[in-house]
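Source: prediction; values computed, not measured. Note on naming: letters A, B, ... go to the chains in the order of the sequence lines (proteins, then strands), and numbering restarts at 1 for each one.
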There are 2 protein chains.
Amino acid sequence: MDQRFQNLLATAQDKCDGNGLRLTQKRKQVLNILIEASSPLSAYEIKDLYAKQHNENIKPMTIYRALEFLVEANLVHKLNLNNKYIGCARAKCCEHHGYSQFLICVRCGNVEETNVDPVIYEHLVQQAQAYQCEIVMPHLEVACICVRCK
Amino acid sequence: MDQRFQNLLATAQDKCDGNGLRLTQKRKQVLNILIEASSPLSAYEIKDLYAKQHNENIKPMTIYRALEFLVEANLVHKLNLNNKYIGCARAKCCEHHGYSQFLICVRCGNVEETNVDPVIYEHLVQQAQAYQCEIVMPHLEVACICVRCK
DNA sequence: CACGCATTGTTACAGTATAACATAACACAA
DNA sequence: TTGTGTTATGTTATACTGTAACAATGCGTG
């Protein structure tokens, strides 16, 4: 397994240990699949990959539970634009960081993850205040066409 | 029927006529349901409302087709955050306008529609350029908690 | 060990969306 | 007006996405 993946997993483990979260084997296996994948995966794609890698059938419920935990722990993001899940790719994914922003290619599904620009964040907060709304914003999704698909 | 709804429908009709789009009866009925609704609706909620209003069973496929047309025509937006559809609420919805932005309450589902702030838009475009991405961005969805749910 | 709580297993089902092919309505030219 | 191609709708079946409900197991702590 790639060294970089190992590091991500190890830091994820540390983060959970430090926060009283239990990164169990199942959850780690699901996270691992997402980290190794080069693109976002649907829950059922994860299911299939899991079955292939571990030679063991796994039920959707189990996948969704692991995903729920990982999203909660901010180790995985759910992309609503295409109902797929992506491992947090940023080097410091396991420390606190700003909100995530995704450039999602509507043709090939490729995704670039960045931080939400502070200027953007401030504007959003201000707009929300006009409606007395409190921003929760797990992340921002922006549809685009990537360089390879243009 | 509310005068304001009538106006929205009429302008929608005009816009389509002017652009060679056919706002057929089915499509107009679906649009009407969305405009009358005070909150976003799922495709199957539309289906049920349609059945009730017109005393006629309607198949999901038909709803989805109408929605596809209406979204394409920018008369309706699909909120990916909760898989619901909302009629474009802005007074000038039938003229060209900027990109839409939605403040979606994650508790009650209530939605406020505004324009994407030009400053935000510029920042997004610039960020995208760093990845040589071309922004398509039908709209921006921001999760929040509305004033009533705080 | 016993207790309480979090995790996982299992079954069933609800909700969301599209493929594929048939038929009908419409626009427009011959 | 009649033919012709195109767009819209009807119909059936099915794929994909996600959750409810309850049982069993594992884990930490007094």
Side-chain angles (χ1 to χ4, degrees), chain A residues 12-13 16-34 39-51 54 56-73 75-86 104 106 109 138 141, chain B residues 12-13 16-34 39-51 54 56-73 75-86 104 106 109 138 141:
Chain A
Q13 182 75 69
C16 289
D17 290 348
N19 291 22
L21 302 172
R22 285 153 69 180
L23 186 58
T24 61
Q25 195 189 25
K26 279 262 149 57
R27 290 165 176 174
K28 198 189 290 193
Q29 286 166 340
V30 168
L31 177 57
N32 186 32
I33 287 174
L34 281 170
S39 59
L41 300 175
S42 76
Y44 281 73
E45 286 168 345
I46 296 171
K47 177 180 182 297
D48 292 343
L49 281 173
Y50 187 99
H54 301 277
E56 174 198 347
N57 197 16
I58 185 171
K59 301 225 162 64
M61 192 69 254
T62 310
I63 299 288
Y64 280 108
R65 279 173 178 157
L67 287 172
E68 183 186 10
F69 171 87
L70 294 168
V71 167
E72 200 75 25
L75 296 167
V76 164
H77 304 284
K78 169 167 189 185
L79 303 179
N80 296 302
L81 201 58
N82 50 9
N83 285 326
K84 288 177 189 287
Y85 301 83
I86 186 171
I104 305 173
V106 294
E141 301 181 23
Chain B
Q13 183 73 69
C16 288
D17 290 348
N19 291 23
L21 302 173
R22 285 154 65 181
L23 187 58
T24 62
Q25 194 188 26
K26 279 261 148 58
R27 291 165 175 172
K28 198 189 289 196
Q29 288 166 339
V30 168
L31 176 58
N32 186 31
I33 287 175
L34 280 170
S39 59
L41 300 175
S42 76
Y44 281 73
E45 285 168 346
I46 296 171
K47 177 181 182 295
D48 293 343
L49 281 173
Y50 187 99
H54 301 276
E56 173 197 347
N57 198 15
I58 184 171
K59 302 226 163 61
M61 191 72 253
T62 310
I63 300 287
Y64 281 107
R65 278 174 179 156
L67 288 173
E68 183 186 9
F69 171 87
L70 294 168
V71 167
E72 200 76 25
L75 295 168
V76 164
H77 304 283
K78 170 170 187 183
L79 303 179
N80 296 303
L81 201 59
N82 50 9
N83 286 325
K84 287 179 188 289
Y85 302 83
I86 186 172
I104 306 172
V106 293
E141 300 180 24

Rounded distance (Å) that lies between atom P of D:dG18 and atom CD1 of A:Ile46: 10 Å

Spacing of B:Leu49 atom CG and B:Ile58 atom CD1 [to the nearest 0.5 Å]: 11.5 Å

Considering all heavy atoms, the nearest B:Leu34-B:Tyr85 contact: CD2-O, 3.3 Å

Of B:Lys26 and A:Tyr44, the one whose closest DNA chain D nucleotide lies more 5': B:Lys26

D:dG18 phosphate, OP1 or OP2, under 4.0 Å from A:Asn83 side-chain N/O: yes

Closest to the A:Ala43 side chain, choosing from D:dG18, D:dA8, C:dT10: D:dG18

B:Glu68 CD to D:dT7 C1', straight-line distance once rounded to whole Å: 13 Å

A:Glu56, CD atom: more than 12 neighbouring heavy atoms under 6.0 Å: yes

A:Lys78 NZ to A:Asn83 CG distance, which is reported to the nearest 0.5 Å: 5.0 Å

Spacing of B:Tyr64 atom OH relative to D:dA8 atom C1', expressed in whole Å: 19 Å

Nearest non-hydrogen partners of A:Lys26 and A:Thr62, listed with the distance: CD-CG2, 3.8 Å

Helical bend (five base pairs per end, nearest 10°) for the helix from C:dC1-D:dG30 to C:dA30-D:dT1: 20°

B:Thr24, nearest nucleotide to its side chain (from C:dG9, D:dA8, D:dT11): D:dA8

Where B:Pro40 and B:Gly109 come nearest, the two heavy atoms and their spacing: CD-O, 3.6 Å

Point-to-point distance, once rounded to the nearest 0.5 Å, from CD1 of B:Ile63 to OG of B:Ser42: 10.0 Å

Atom-pair distance (CG on A:Leu41; P on D:dT17), nearest Å: 11 Å

Flag side-chain contact, heavy atom, 4.5 Å: B:Leu23 against B:Phe69: yes

Under 3.5 Å: donor-acceptor pair, side chain of B:Gln29, backbone of B:Tyr50: no

Nucleotide N/O to protein N/O under 3.5 Å, stretch nucleotides 20-27 of chain D:
from	atom 1	to	atom 2	distance (Å)
D:dA21	N6	A:Arg65	NH2	3.2

Euclidean distance, atom CD1 of residue A:Ile63 to atom C1' of C:dT10 [Å, nearest integer]: 15 Å

Most 5' of B:Lys78 and A:Phe69 on DNA chain C, judged by nearest nucleotide: A:Phe69

Whole-Å distance separating the CG atom of B:Leu23 from the P atom of C:dC26: 14 Å

Length of the OH-P vector between A:Tyr85 and D:dC16, whole Å: 16 Å

Sugar-phosphate, base or nothing in reach of B:Lys84, heavy atoms under 4.0 Å: nothing

A:Asn80 CG to D:dT17 P, straight-line distance once rounded to whole Å: 13 Å

Closest to the B:Ser42 side chain, choosing from D:dT11, C:dA17, C:dT16: C:dT16

Any A:Lys47 side-chain nitrogen or oxygen under 4.0 Å from OP1 or OP2 of D:dG18: no

Any side-chain heavy-atom pair of A:Ile46 and A:Leu67 under 4.5 Å: yes

